[in-house]
Visitor: 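Once you've had a glance at the structure underneath, I'll fire off some questions.
Order of the sequence lines sets the chain letters (A, B, ...), proteins ahead of strands, with each chain counted from 1. As a basis for the values below, the full set of heavy atoms in this structure was taken, side chains included, without hydrogen atoms, waters or symmetry mates.
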Amino acid sequence: MGRGFGGFGGSWEGVWGVLGGFGGIWDGLREIWGGLGGIWGAAGGGGDGAVRQCCPPGGHRPPEGGVWGVLGGFGVVWGQGKGFGGDLGGVGGVTPGCPQDVPEAVPEAERRRQSLQDARRALPIFPFREELLAAVGQHQVLVIEGETGSGKTTQIPQYLHEEGYTRGGMKIGVTQPRRVAAMSVAARVAVEMGTKLGNEVGYSIRFEDCTSERTVLKYMTDGMLLREFLTEPDLASYSVIMVDEAHERTLHTDVLFGLIKDIARFRPQLKVLVASATMDTERFSAFFDHAPVFRIPGRRFPVDIYYTKAPEADYLEACVVSVLQIHVTQPPGDILVFLTGQEEIEACVELLQERCRRLGSRLPELLVLPIYANLPSELQARIFQPTPPGARKVVVATNIAETSVTIDGIVYVLDPGFCKQKSYSARTGMESLVVTPCSRASANQRAGRAGRVAPGKCFRLYTAWAFQHELEETAVPEIQRADLGALVLLLKSLGINDLIHFDFLDPPPHETLVLALEQLYALGALNHLGELTTLGRRMAELPVEPMLAKMILASEQYGCTEEVLTVAAMLSVNNAVFYRPKDKVLHADSARVAFGVPGGDHLVLLNVYNQWVASGHSLQWCYEHFVQARSLRRARDVREQLQGLMERVEIAPSSCGGNLDLVRKAITAGFFYHTARLARGGYRTVKHQQPVFIHPNSALFALQPRWVLYHELVCTSKEFMRQVLEIDSSWLLEVAPHYYQAKELEDGSGRKMPKKAGKSREELG
DNA sequence: GAGCACTGC
């Protein structure tokens, strides 16, 4: 037996025994297996929902629960992988279409309707129908705890509809954190109800409103409902609001809680349902004045969980080893590995491929496929191709596979227990993305991915002790990690003036609120009493961050709304414009340089967009120029939306032609808060004297102009300004005389600098 | 000279 397996007994002995028997074949792998040192130690006890904890050495295995035994086969109800299920998130075009045409022969339709009704009755929620309706009748707010697959999202709104909650055209609104989920669930419910999507059942997501006057069941993103408060502050047209996936605690969901709790007070007939997975439900209940919790069993196959005996120093290496181990020793079934980002995923994929190559034909075929959000869609789509017989698929994924994308056939999950999390420091106004241990909730969600089609196994690359003691129960909610400028503006325009005392489930840090208020005041969106100004009211109409909104509104006076809308749209697609595949780094970089125009990154983005438009939105053009088509299409959608809103804020379209200084001035009018100046070889922010650096990807990296404006500050290896624009310091006085004084825009020493001090682009070409 | 988790309006 190999090193370190001494402590094992029971079923594991057999598994490792096989390895021991490989003899010479594994010479090349000796080191690898050796490095393992029996990493799979005893698991901790304690159940966590449907996920079964397993203790290999004589541990207690809970018997098959009644639910599992009875339900058996899954998949029939939802036809997983056929576009429904809301799980293809952003991959491949799952567009139900609006309105959907369903012409079919009558007997066939009748047969299908029957089987649909059978499927509905087979869902775990069905036996609870009457009890649930009674509870909704009795209580204004109900917390519903239900696992994935219980049918709560599709069935509860239908039950309420059947019960008469939509009488008189009243709507039932159901929020989802993700667009694809809203679309696909609505499509599914429309089929079950035998109506066309967009009639009685519809959905509403950004860029796409698929509802009509007839719509009574409305699925939407949480952000969309938030925006609806602007036009209908009491949600008078809704009889029921269901906030689904509440446990995800998105920024929008959290704000909805406060707003809904508020309107529920003076709308006693409004029913509120808060639906969540098995976590936080007690907190939701407490927040809503101790609303009752209604529990519905889920439907998932059991997943055995294994922990390592000791912490793993190198989890990437441990992943690679474990994948190979599973591949060699375990029955058929695909493997899903959770890593933190693109770089790690690429490294892991390479290592796996290399070791498989080395082992050659002695190993059954192993298909290694990466997936992460920024991977081009055609490469993403590969993970959905069925695994050929005799082969095994390993999907190496980011968190995208935790909720947004569901892959059929996964039986084994490998979880190192880390994820990247964005955090925001109000003190420095800086964002950073750091690798952090994931939460227990997240670990359980990951494990659950192994039990969708059959009983599965989850290997956690950390100890059972670490799971219990080192991981947080849940992740820090987004509202405590995000810049709240846009949110504060929105709440202000809903008439909520006292944000410090707003009823948050978890309040954001005081500093973050203060900074947001401060910035809005500087932008002129709030007056000195903290009240919304006319400008602020117009800014709130635009679904972008406040500085972008200000920039757009300012573009009117500079006669360049067309250009500035493009800049705003491109900035909001966030760093995903340029594609830089590892094997073509040089080509990609030179393609990027070729887009260069004097002035800075904002103008480069404008140039990229305009060239793409000139190419006729050509996909081929995107490939040739190493630009992500997905990002440009998104920018186009954003731009069109903003363009449509220009009328609402009473701005006529204008173009500055080639006079890009006007565009730069308009940008400065929005971003004067984000400026830095070069002094003594380094940049410091103008207002806080904070040392910052131009990001090496910036077009201005080599130029180092004296005065710059930046779109955002990110802290990685250094404090970097991302998306940098060269400005003239006199513009700051022009666009923000209330904010800057002439004195602070002089050189620090008080000594007058000659004009054009510092390197300018003219000097450097 | 660095390195972009994931959503969403």
Side-chain angles (χ1 to χ4, degrees), chain A residues 89-90 175-182 204-209 220-230 245 248-256 338-347 371-375 397-405 418-423 431-436 438 442 445 475 477-479 481-482 485-487 489-490 493 540-546 548-549 569 572-580 582 585 588-589 628 631 634 637-638 641-642 644-645 693-698 701-702 704 712 714-723:
Chain A
T175 71
Q176 293 290 324
R178 280 169 293 280
R179 298 160 50 89
V180 183
S204 175
I205 59 181
R206 189 182 187 182
F207 313 130
E208 215 180 319
D209 183 9
M220 60 191 130
T221 46
D222 47 12
M224 213 59 199
L225 183 61
L226 205 50
R227 286 255 145 205
E228 280 196 15
F229 271 90
L230 280 175
E245 311 287 1
E248 290 196 26
R249 304 291 309 274
T250 69
L251 188 58
H252 293 154
T253 296
D254 264 24
V255 179
L256 283 177
F338 283 100
L339 292 175
T340 66
Q342 177 177 348
E343 206 178 295
E344 235 174 57
I345 289 172
E346 281 169 358
I371 182 156
Y372 44 87
N374 270 346
L375 191 73
T398 58
N399 266 356
I400 196 172
E402 207 176 289
T403 47
S404 304
V405 157
F418 291 98
C419 63
K420 273 190 189 166
Q421 264 205 341
K422 186 145 99 176
S423 66
E431 291 179 335
S432 49
L433 203 54
V434 280
V435 174
T436 37
C438 67
S442 178
Q445 173 71 22
E478 194 184 357
I479 199 163
R481 295 183 286 116
L487 198 73
L489 189 61
L490 186 78
S493 65
E541 295 279 346
L542 305 174
V544 291
E545 5 163 344
L548 283 177
S572 66
V573 303
N574 240 0
N575 295 311
V577 171
F578 298 101
Y579 178 54
R580 200 168 181 267
K582 232 181 164 184
V585 166
D589 285 350
Q628 298 245 37
S631 301
R634 207 188 129 72
D637 289 340
V638 173
Q641 188 192 23
L642 292 173
L645 288 166
F693 303 86
I694 294 185
H695 196 279
N697 278 351
S698 167
F701 178 69
Q704 305 275 308
E712 58 185 358
V714 291
C715 185
T716 50
S717 57
K718 272 185 190 169
E719 295 82 0
F720 286 115
M721 299 181 274
R722 257 205 310 230
Q723 314 297 8

Visitor: Give the rounded distance in Å between these two atoms: CD1 of A:I400 and P of B:dA5.
Guide: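 Roughly 11 Å, once rounded to whole Å.
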
Visitor: In whole angstrom, give the distance that lies between atom CD1 of A:I345 and atom C1' of B:dA5.
Guide: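 About 9 Å, once rounded to whole Å.
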
Visitor: Who pairs with A:T436 by side-chain hydrogen bond (donor to acceptor under 3.5 Å, both in side chains), at least two apart in sequence or on another chain?
Guide: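 A:T436 satisfies side-chain hydrogen bond (donor to acceptor under 3.5 Å, both in side chains) with no residue once adjacent residues are dropped.
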
Visitor: Rounded to whole Å, please give me the gap between CD1 in A:I371 and P in B:dC4.
Guide: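 To the nearest whole Å, that distance equals 19 Å.
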
Visitor: Roughly how many Å is it from CG in A:N374 to P in B:dC6, rounded to a whole number?
Guide: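 Checked: the CG to P distance equals 6 Å.
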
Visitor: What nucleotide, of B:dC9, B:dG8, B:dG1, holds the atom closest to the side chain of A:R178?
Guide: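 For the A:R178 side chain, the nearest candidate turns out to be B:dG8.
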
Visitor: Under 4.0 angstrom, heavy atoms only, what part of the nucleic acid is A:T250 near: base, sugar-phosphate, or nothing?
Guide: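 Answer is nothing: A:T250 stays at 4.0 Å or more from every strand.
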
Visitor: Students often get this wrong, so: under 4.0 angstrom with heavy atoms, is A:L490 touching a base, only sugar-phosphate, or nothing?
Guide: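 Nothing: the residue A:L490, judged by heavy atoms under 4.0 Å, touches no strand.
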
Visitor: Atom OH of A:Y579 and atom P of B:dC4: how far apart are they, to the nearest Å?
Guide: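 So the OH-P distance, A:Y579 to B:dC4, works out to 17 Å.
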
Visitor: Is A:Q421 touching bases, backbone alone, or none of the nucleic acid, heavy atoms closer than 4.0 Å?
Guide: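 No contact.
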
Visitor: So if I take every side-chain heavy atom of A:R179 and compare against B:dG8, B:dC6, B:dA5, which nucleotide ends up nearest?
Guide: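 Of B:dG8, B:dC6, B:dA5, B:dG8 is nearest to the side chain of A:R179.
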
Visitor: Any Lys/Arg nitrogen of A:E248 or A:R178 sitting under 4.0 Å from an Asp/Glu carboxylate oxygen of the other?
Guide: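 Between A:R178 and A:E248 there is a salt bridge, with a charged N closer than 4.0 Å to a carboxylate O.
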
Visitor: If you check the A:S717 side chain, which of B:dG1, B:dC6, B:dA2 turns out closest?
Guide: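 The listed nucleotide nearest to A:S717's side chain is B:dA2.
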
Visitor: Regarding A:A576, tell me which of base, sugar-phosphate or nothing describes its non-hydrogen contacts under 4.0 Å with the strands shown.
Guide: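 The answer is nothing, as A:A576 stays clear of every strand by at least 4.0 Å.
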
Visitor: For A:N697, answer base if it contacts any base atom (sugar-phosphate contacts may also be present), sugar-phosphate if it contacts only those atoms, and nothing otherwise; contact means non-hydrogen atoms under 4.0 Å.
Guide: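 Contact class for A:N697: base.
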
Visitor: How many Å lie between CG on A:L548 and P on B:dG8, as a whole number?
Guide: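 Computing the A:L548:CG to B:dG8:P distance gives 19 Å.
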
Visitor: Apply side-chain hydrogen bond (donor to acceptor under 3.5 Å, both in side chains) to A:E478 and list each qualifying residue two or more places apart in sequence or on a separate chain.
Guide: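 Result, side-chain hydrogen bond (donor to acceptor under 3.5 Å, both in side chains) vs A:E478: none returned.
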
Visitor: In this structure, how many angstroms lie between the C1' atom of B:dG1 and the CD atom of A:E719, rounded?
Guide: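 The answer, rounded to whole Å, is 16 Å.
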
Visitor: Between A:E545 and A:K422, name the one whose nearest nucleotide on DNA chain B is closer to the 5' end.
Guide: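 Whichever sits nearer the 5' end wins; that is A:K422.
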
Visitor: Find the distance A:D589:CG to B:dG1:P and express it as a whole number of Å.
Guide: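 It works out to 15 Å between those atoms.
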
Visitor: Assess, by modelled atom type and distance only, whether the side chains of A:T403 and A:Q445 contain a donor and an acceptor separated by less than 3.5 Å.
Guide: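 No, no side-chain donor-acceptor pair sits under 3.5 Å.
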
Visitor: Of the candidate nucleotides B:dC4, B:dG1, B:dG8, which contains the atom at the shortest distance from the side chain of A:H252?
Guide: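 Closest of the options to the side chain of A:H252: B:dG8.
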
Visitor: Think A:T403 has a side-chain N or O under 4.0 angstrom from the OP1 or OP2 of B:dC6?
Guide: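 So the side-chain polar atoms of A:T403 never come under 4.0 Å of the phosphate oxygens OP1 or OP2 of B:dC6.
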
Visitor: Could you work out which one of B:dA2, B:dT7, B:dC9 sits closest to the side chain of A:E478?
Guide: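 Output: B:dT7.
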
Visitor: Tell me which nucleotide among B:dC6, B:dG8, B:dC4 gets nearest to the side chain of A:T398.
Guide: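 The answer is B:dC6, which lies nearest to the side chain.
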
